[in-house]
Amino acid sequence: MEKADFKGYRALVMEVQQLREQLAALETSMYSPRTSRPSLTPKAHGGSHGPEDAIARHIKLVEWYHEQLALKEAQQLAIEQAIASLDDPHERLVMRYRYIEGRRWVYIIARLAELGFSDRQVYRLHGFALLKLKEV
């Protein structure tokens with residue numbers, strides 16, 4: 001796993017949330033009663049644009065959202081599992097602070113300074129973790 005995969009984690013979380021919201025809205029609209037309004041525009045003859053066609057398109061869209069959500073959640077899980085696979089708890093901590101929580105280096109260094117780490121050691125922990133995770 002590359003550094004770019006970890007950097008994209010927070011955007012991935014937002015994308016999963018957005019997909020869930022869109023999917024919920026689609027599913028709600030599928031089951032909500034609709035009022036029929038008379039149309040003032042003339043109807044075209046010849047194509048199948050009836051309610052069955054609209055329902056089929058709606059179902060395909062819902063299925064697509066489910067597929068996308070499953071893919072994004074799998075990516076999210078892979079990143080979480082990769083970080084959890086690190087043996088060193090300090091490396092896990094740095095990776096979680098930086099990529100899962102989106103913390104700035106100043107915060108991470110301050111937190112690990114409480115555990116006796118210098119700023120150079122924190123950067124080294126991060127580098128070692130990335131090297132180990134590159135193999136995953």
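Below, all heavy atoms of this structure are taken into account, side chains as well, without hydrogens, waters or symmetry copies.
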Per ring pair (Phe, Tyr, Trp, His ring centres under 6.0 Å), His126 is matched among Phe117, Trp105, Phe6 by Trp105
Smallest heavy-atom separation, Ala82 atom then Leu133 atom, equals O-CD2, 3.0 Å
Name of the residue among Val16, Val13, Leu77 meeting side chain to side chain contact (heavy atoms under 4.5 Å, CB included) with Lys72
Val16
Taking side chain to side chain contact (heavy atoms under 4.5 Å, CB included) as the criterion, tell me which of Leu93, Ile108, Ile83 meets it with Arg98.
Ile108
Answer yes or no: is there a side-chain heavy-atom contact under 4.5 Å between Met1 and Lys134?
no
Taking C-beta and beyond as the side chain, do Glu15 and Arg10 meet within less than 4.5 Å on heavy atoms?
no
Assess the side chains of Glu80 and Gln76: does a donor N or O sit below 3.5 Å from an acceptor N or O?
no
Contacts of type side chain to side chain donor-acceptor pair (under 3.5 Å), residue Glu101, not counting sequence neighbours:
Arg103
A quick test of your reading: do over 12 heavy atoms of other residues, nucleotides or ligands sit less than 6.0 Å from OH of Tyr65?
yes
Hphob cluster co-occupancy, [X] + [Y], side-chain heavy atoms under 4.5 angstrom:
| X | Y | result |
| --- | --- | --- |
| Ile100 | Tyr97 | no |
| Trp64 | Leu69 | yes |
| Val94 | Phe128 | no |

Any salt bridge linking Asp53 with Arg57? Criterion: basic side-chain nitrogen under 4.0 Å from a carboxylate oxygen.
yes
Determine, stepwise, if the pair Tyr99 / Asp5 fulfils side-chain contact (heavy atoms from CB on, under 4.5 Å).
CA-CA 9 Å; Tyr99 300 108; Asp5 297 319; over 6 Å; no
Starting from the C-alpha separation in whole Å, work towards a yes-or-no answer on side-chain contact (heavy atoms from CB on, under 4.5 Å) for Val122 and Arg111.
CA-CA 10 Å; Val122 173; Arg111 294 296 303 219; over 6 Å; no
First locate atom [atom1] of [X], then atom [atom2] of [Y], and finally report the distance between them rounded to the nearest 0.5 Å.
| X | Y | atom1 | atom2 | value |
| --- | --- | --- | --- | --- |
| Gln121 | Ile109 | CD | CD1 | 11.0 Å |
| Leu61 | Leu26 | CG | CG | 5.0 Å |
| Ile79 | Tyr9 | CD1 | OH | 7.0 Å |

Please list, chain by chain and in numerical order, all residues satisfying side-chain contact (heavy atoms from CB on, under 4.5 Å) with Glu27, sequence neighbours excluded.
Leu23, Val62, His66
